[in-house]
Student: 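A single structure is presented below for examination.
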2 protein chains.
Amino acid sequence: MIMDTKTHRFVPGAEFPWQYKYEHMAVTTDCVIFTYEDWALKVLLVRRGEAPCKGMWAFPGGFLRNDETAEQGALRELKEETALVPSSPIVQLGVFSDVHRDPRERVLTVAFYALVKPSEVLGGDDAEEAAWFPVDAVPPLAFDHEKIFDAAMERLRRDIHFQPVGFDLLDETFTIPDLQRLYEAILGVKFDRRNFQRKILASGILEEAPVTAEPEMECFKESIPLEDMEITPEAVSMEPIERAPVHKKARPGRKGGWFTLNRKRYEELKEEEHKMEF
Amino acid sequence: MIMDTKTHRFVPGAEFPWQYKYEHMAVTTDCVIFTYEDWALKVLLVRRGEAPCKGMWAFPGGFLRNDETAEQGALRELKEETALVPSSPIVQLGVFSDVHRDPRERVLTVAFYALVKPSEVLGGDDAEEAAWFPVDAVPPLAFDHEKIFDAAMERLRRDIHFQPVGFDLLDETFTIPDLQRLYEAILGVKFDRRNFQRKILASGILEEAPVTAEPEMECFKESIPLEDMEITPEAVSMEPIERAPVHKKARPGRKGGWFTLNRKRYEELKEEEHKMEF
DNA sequence: GCAAAAGTGTTTCGTTTACACCCATGC
DNA sequence: GCATGGGTGTAAACGAAACACTTTTGC
């Protein structure tokens, strides 16, 4: 490590070994991880085991080390706290730098967001105090994480308009109505089935899935009921999720094609940033 | 200031008075300020007077203090170094956190960008070592500022598609062809005059300017010739600006209406984020 | 008076929207 | 067999793109 002893030094064995000529601040990362499961958009939260905000839910994250970039630190903390390694890249939301956002000391945080597929979610289950919450039923959050959450939701809604990121939330194989419901859930609007289908097919982003036996939608897997999750009183007292009707078993009328993502076209469309309205 | 003496302390009079239990990093801000003058998009740079990268050009910025948010710090440094106070808000580009981006110590920077009107530019002239460079003739930059510059250009191009930010670069009063040239300069494309005019008028973002005598386009004011600016040899050796033809005096055919921005509609369109293509 | 810039309007074409009927499945 | 969800096509309306002629001004 290159070190400028004019501005700072390291004193091994000292109680406060890192010493600086000028005041420094702590830097943390936080990750807002979204998934789409049981017809609802959900976020990943961890319960804080330490003060401050002990016992409250927060986004996975932690202090950034000096030998890693913000992205590396965010991924490391995410893995440490939830055992999750997203298959799609994490993207920067921005910094949150309110002076008093942490009572201990001045802490600036770099927030990220990422989208993961339902099949990736299982990996997080062995983490002790991590849980998925539907976005319309998140409990009160630690620090200024509600602000971060709002920013993430806004950003997701914008991105989903201009980039085909919805696919990062779906498993390999899905149907067009599945995709449509996802868009409707996130954007909170209804689309015409036929127009949606025509446009999405015309965009060339879908490929017919090879008919490997019976493709199983991850969405229909059994998942831990919301009530079994350890959540704060405030969270349980919230009204039940209205916009996410539960029909886990099967859907009548299922016949239509199964599709997969055309990776190449996906990358192209991501570049172009067309506004997708259905 | 609330201070957690478990993790850090302040020792008055000590050579290195700020002492921490864990390693900390420095945080800086950098501002990419754009303006549009003499038919060209330009950025504001300052010459570094100190090592490292002494003598090189860089974006105005500096260390973030513990008692200010990133936005406040960015504006403070900008004002200190260039005497510029942008009338439109600065927006976050993101953090740049490469581990070795500064040779002295670990420095994470929060980058911002902002758009200023030509009439605001004059205020920066008394700053000793600040200068405006056409975006296609920027000299080599200090640290990883080229990366920041690339990110800013990309962001500006995207934003100008979806938000009516072009107006932040123009003076109060302008003509439609002025506006069109600005869009063409930034996006590097040509539009049909008639379609551009029809669309921009239909959007309702323009108001006819009150005919106060003879409105003077700031673009036509005399400005310091490029050659008089103190720039690095690398910068002068670059080929002349091709995409920015210089006709400063006046344009034949000038007759048409002068317009101003309809603030209310501007805010609305900013929210909507329609893709503007002409 | 000529060249270069700017004002104006219409037609064509493609895309978007709205809408109706039939089929498949589960209870 | 009925309710629900899903597949398909078409006509009308709107917005985008292409395009020509005239007017103004500076040299």
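The sequence lines fix the lettering, A, B, ..., with proteins before strands; numbering per chain opens at 1.
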Student: So does A:Gln197 get a side-chain nitrogen or oxygen closer than 4.0 Å to the phosphate oxygens (OP1/OP2) of D:dG6?
Tutor: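 So the side-chain polar atoms of A:Gln197 never come under 4.0 Å of the phosphate oxygens OP1 or OP2 of D:dG6.
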Student: If the condition is side chain to side chain contact (heavy atoms under 4.5 Å, CB included), which residues does A:Arg265 pass it with, not counting sequence neighbours?
Tutor: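 Listed in chain order: A:Ile205, A:Asn262, A:Glu268, A:Leu269, A:Glu272.
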Student: Rounded to whole Å, please give me the gap between CD in A:Glu184 and P in D:dG6.
Tutor: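 After rounding, the reported distance stands at 10 Å.
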Student: Rounded to whole angstroms, how far apart are CZ on B:Phe196 and C1' on C:dA5?
Tutor: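 Interatomic distance, CZ of B:Phe196 to C1' of C:dA5: 15 Å.
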Student: Using a 4.0 Å heavy-atom cut-off to protein, can you give one letter per nucleotide of nucleotides 13-18 of chain D, 5' to 3': B if the base is in contact, S if only the sugar-phosphate is, - if neither?
Tutor: ---SBB
Student: Round to the nearest Å and state the distance from B:Trp258 atom CH2 to C:dA6 atom C1'.
Tutor: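 My rounded result for the distance is 13 Å.
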Student: According to side-chain hydrogen bond (donor to acceptor under 3.5 Å, both in side chains), who are the partners of A:Gln197, at least two apart in sequence or on a separate chain?
Tutor: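 By the side-chain hydrogen bond (donor to acceptor under 3.5 Å, both in side chains) rule, A:Gln197 matches no residue at all.
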Student: Can you tell me how far P of D:dG5 sits from CD1 of A:Ile176, to the nearest Å?
Tutor: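 For the pair A:Ile176 CD1 and D:dG5 P, the rounded distance is 18 Å.
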Student: Please identify each residue that fulfils side chain to side chain contact (heavy atoms under 4.5 Å, CB included) with B:Gln163, with sequence neighbours left out.
Tutor: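 Result, side chain to side chain contact (heavy atoms under 4.5 Å, CB included) vs B:Gln163: B:Val165, B:Lys270, B:Glu273.
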Student: Starting from P on C:dG7, measure out to CZ on B:Phe191 and report it in whole angstrom.
Tutor: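 After rounding, the gap between these two atoms is 17 Å.
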Student: Rounded to the Å, how far apart are A:Ile200 CD1 and D:dT8 C1'?
Tutor: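 These atoms are roughly 17 Å apart.
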Student: Would you say the base of D:dG5 and the side-chain of A:Arg193 have a donor-acceptor pair closer than 3.5 Å?
Tutor: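 There is none.
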Student: Could you list the residues that satisfy side chain to side chain contact (heavy atoms under 4.5 Å, CB included) with A:Glu146, not counting sequence neighbours?
Tutor: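 Here the qualifying residues are A:Pro140, A:Leu141.
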Student: Can you tell me how the ring of A:Phe174 sits relative to the ring of A:Phe167, calling it parallel under 30°, perpendicular over 60° and tilted otherwise?
Tutor: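 Tilted, since the angle between the ring planes falls between 30° and 60°.
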Student: B:Val85: which residues meet the side chain to side chain contact (heavy atoms under 4.5 Å, CB included) condition with it, sequence neighbours left out?
Tutor: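 If we apply the side chain to side chain contact (heavy atoms under 4.5 Å, CB included) test to B:Val85, skipping adjacent residues, the hits are B:Lys79.
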Student: Write down the distance between NZ (A:Lys190) and P (C:dC19), rounded to a whole number of angstrom.
Tutor: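 Going from NZ in A:Lys190 over to P in C:dC19 covers 17 Å.
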